[in-house]
Amino acid sequence: LASHVLESLALIPVMIGVLMFLFEFFEDQRLGFMVLSTVWACEIFGVVRVRGNASMRRIPLLLVQLFSLFLVYLHSFPLGFPYLAFSA
């Protein structure tokens, strides 16, 4: 139990570092947290629910394509509507 707790505590600085990077990259704390939460939820969905070989290849590809389109929109139109684009 103690080794598991220590391994889990080692991930806290990593998660804080990822959040700080996303906060600076998107220049918006809420948007950075939304991106991290969505990627985390998709990873949990992939571990728990996705079992077939075809879906194990298609779902990550779909996620990469959607986030690529979001990033292209976000950097092409910096004064656009990032929350609306993220929710689409």
Can you name the residues that form a side chain to side chain contact (heavy atoms under 4.5 Å, CB included) with His4, not counting sequence neighbours?
Ser8
So, taking the atom named OG1 in Thr38 and the one named CG in Leu63, what distance separates them when rounded to the nearest 0.5 Å?
9.0 Å
Donor-acceptor pairs under 3.5 angstrom involving side-chain atoms of residues 13-23: please list them, not counting sequence neighbours.
none

Looking at Leu84, is its backbone amide N or carbonyl O close enough to the side chain of Ser87 to form a donor-acceptor pair, meaning the two atoms are under 3.5 Å apart?
yes
Taking a hydrophobic cluster as the set of Ile, Leu, Val, Met, Phe, Trp and Tyr residues connected by side-chain heavy atoms closer than 4.5 Å, whether directly or through intermediates, do Met56 and Leu61 fall within one such cluster?
no
Indicate if Val35 and Phe81 have the same hydrophobic cluster label, given that clusters are the connected sets of ILVMFWY residues with side-chain heavy-atom separations under 4.5 angstrom.
no
For this output row, return yes or no: ring centroids of His75 and Phe26 closer than 6.0 angstrom.
no
Quick test of your reading: applying side-chain hydrogen bond (donor to acceptor under 3.5 Å, both in side chains), list the pairs with at least one residue in residues 28-37, sequence neighbours left out, ordered by first then second residue.
Asp28-Tyr83
Filter on side-chain hydrogen bond (donor to acceptor under 3.5 Å, both in side chains), then keep only pairs touching residues 52-72, sequence neighbours left out; what's left?
none
ILVMFWY cluster, Leu66 and Ile59 together (side-chain gap under 4.5 Å)
no
Just distance, no hydrogens or angles: give the donor-acceptor pairs under 3.5 Å from side chains in residues 40-50, sequence neighbours left out.
none

Within one Ile-Leu-Val-Met-Phe-Trp-Tyr cluster: Phe33 and Phe25, side-chain cutoff 4.5 Å:
yes
Applying ring pair (Phe, Tyr, Trp, His ring centres under 6.0 Å), which residue pairs with at least one partner in residues 50-71 are found, sequence neighbours left out?
Phe70-Phe86
